[in-house]
Amino acid sequence: MTTPGPGHQTQVADATVLVGNQAWMTDNGIDVPASLDQDAAGSEILVARDGRLLGAIAIADSVRPESQRAVDALHRMGIRIVLLTGDARRVADAVGGALGIQNIEAELLPENKLARVQALVGPKHKIAMVGDGINDAPALARAYVGIAMGSGTDVAQESADVVLLGNDLESFVETLAVARRTRGIIWQNFAGTSVSTPSASCWRPWAFSIRCSRRRFMSSPNWCSSSTQRGCCPRPRKPRRRRPSPNLKRPRPEA
């Protein structure tokens, strides 16, 4: 039996084994001594067998250099970052402090992460959730844009809208920069179209009533705006068809 977030219960050689956090042990009637070291620099996983605590395993993650660069780049882009994690408060504070993240939410279950994302979603906020674990799947599906890491679980990738290759957070920064650049090109295209269409309607009626030389001159504003639009937002050219060579002999139709 597995409860997402707190822990796991299984049978090993006719013995009941529990693996999980301290709250999971307490809920299952396991006595956790107060002398247990709670100052370890990492997340603690407790192990119990047949109602007796066997020990604790401390797991610590090191902050990778690319994560620091990614967070700094997001801050420069004016994006607010909120760290949602199921780790203990001391671990979350240590990681958040190393990355320079101000808003930190720790010891969250999957439903708690979903509630935090729902609270942040609003008409004036576009929330993007980045995750890689099973516990992140509900929040990934609820966010405005769910982004899963390529090295994450299948459940997280199925719940997300975008799946990044690998586990490098800098790829998320690059994806966001490309998305903003694409949106800027779309607005340039819209602005160029809105300028060229009125100029065409104003100049073309006069172009037919004057001489050829002036017709070319007075139609130039429309041409300029159209060429500017094509320069800012170039369209892909279609491949040209090759004409058959005249030296090739075509087969004669049979009688």
Side-chain angles (χ1 to χ4, degrees), residues 4-6 21 41-43 59-191:
N21 56 20
S43 300
I59 301 176
D61 295 329
S62 59
V63 179
R64 296 183 300 180
E66 59 269 20
S67 300
Q68 181 66 67
R69 294 192 297 266
V71 171
D72 294 341
L74 293 174
H75 282 155
R76 290 192 299 268
M77 298 171 70
I79 296 177
R80 177 191 175 193
I81 302 176
V82 180
L83 177 60
L84 305 179
T85 178
D87 293 337
R89 167 59 62 179
R90 64 182 183 278
V91 178
D93 291 340
V95 175
L99 295 175
I101 300 177
Q102 299 286 335
N103 304 310
I104 302 172
E105 298 284 345
E107 300 178 359
L108 299 180
L109 298 176
E111 55 269 21
N112 301 135
K113 293 183 180 181
L114 176 60
R116 295 295 192 277
V117 172
Q118 289 178 340
L120 293 174
V121 171
K124 296 183 180 180
H125 300 90
K126 304 299 183 183
I127 304 301
M129 172 70 182
V130 183
D132 60 354
I134 298 177
N135 298 340
D136 301 327
L140 288 172
R142 179 62 183 87
Y144 188 81
V145 178
I147 303 171
M149 307 303 295
S151 60
T153 60
D154 294 337
V155 177
Q157 295 181 11
E158 291 292 335
S159 303
D161 302 301
V162 180
V163 179
L164 302 176
L165 298 179
N167 58 351
D168 190 356
L169 280 177
E170 287 187 303
S171 59
F172 168 63
V173 179
E174 296 176 2
T175 303
L176 184 59
V178 170
R180 288 189 170 186
R181 175 59 179 166
T182 303
R183 184 178 61 179
I185 292 176
I186 293 174
W187 280 110
Q188 290 178 7
N189 193 6
F190 176 76

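Residues: numbered from 1 along the sequence shown.
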Quiz item: Rounded to the nearest 0.5 Å, how far apart are CD1 of Ile101 and CG of Leu74?
Solution: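 Taking CD1 in Ile101 and CG in Leu74, the distance rounds to 9.0 Å.
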Between [X] and [Y], what is the shortest heavy-atom contact and its length?
| X | Y | value |
| --- | --- | --- |
| Leu108 | Glu105 | CD1-CB, 3.6 Å |
| Ala98 | Gln68 | O-OE1, 2.6 Å |
| Thr85 | Ala92 | CG2-CB, 3.6 Å |
| Pro138 | Leu114 | O-CD1, 3.5 Å |
| Leu165 | Ser171 | O-OG, 4.2 Å |
| Ile81 | Asn103 | O-ND2, 3.7 Å |

Quiz item: Is there a side-chain contact (heavy atoms from CB on, under 4.5 Å) between Leu176 and Met77 once you walk through the steps?
Solution: CA-CA 10 Å; Leu176 184 59; Met77 298 171 70; 3.5 Å; yes
Quiz item: Got a donor-acceptor contact below 3.5 angstrom from the Asn135 side chain to the Pro110 backbone?
Solution: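 Side chain of Asn135 to backbone of Pro110, a donor-acceptor pair under 3.5 Å: no, none is there.
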Exercise. For Asp72 and Arg69, indicate whether the former's side chain and the latter's backbone hold a donor-acceptor pair under 3.5 Å.
Key: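 Pair absent, no side-chain N/O of Asp72 close to backbone of Arg69.
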Quiz prompt | Pairwise side-chain contact, Arg80 with His125, heavy-atom cut-off 4.5 Å (strictly under) | solution =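 Not touching, per the 4.5 Å side-chain cut-off.
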Quiz item: Hey, does Leu84 have a side-chain heavy atom less than 4.5 Å from the side chain of Val117?
Solution: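 Yes; the side chains approach each other to less than 4.5 Å.
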Quiz item: Is the number of heavy atoms from other residues, nucleotides or ligands within 6.0 Å of CD (Gln102) greater than 12?
Solution: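 No.
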Quiz prompt | Residues, nucleotides or ligands: over 12 heavy atoms within 6.0 Å of Glu158 CD | solution =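 Not buried by this count: 12 neighbours or fewer within 6.0 Å.
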Quiz item: Please, which pairs that meet salt bridge (charged side-chain N to carboxylate O under 4.0 Å, His left out) have at least one residue in residues 128-141, sequence neighbours excluded?
Solution: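 Of all non-adjacent pairs touching residues 128-141, those that pass salt bridge (charged side-chain N to carboxylate O under 4.0 Å, His left out) are Lys113-Asp136.
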Exercise. Test side-chain contact (heavy atoms from CB on, under 4.5 Å) on His75 and Val71 and set out the steps.
Key: CA-CA 6 Å; His75 282 155; Val71 171; 3.6 Å; yes
Quiz prompt | Option from Val162, Leu140, Leu164, Leu169 for which side chain to side chain contact (heavy atoms under 4.5 Å, CB included) with Val130 holds | solution =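 Result: among Val162, Leu140, Leu164, Leu169, Leu169 is the only option passing the side chain to side chain contact (heavy atoms under 4.5 Å, CB included) with Val130.
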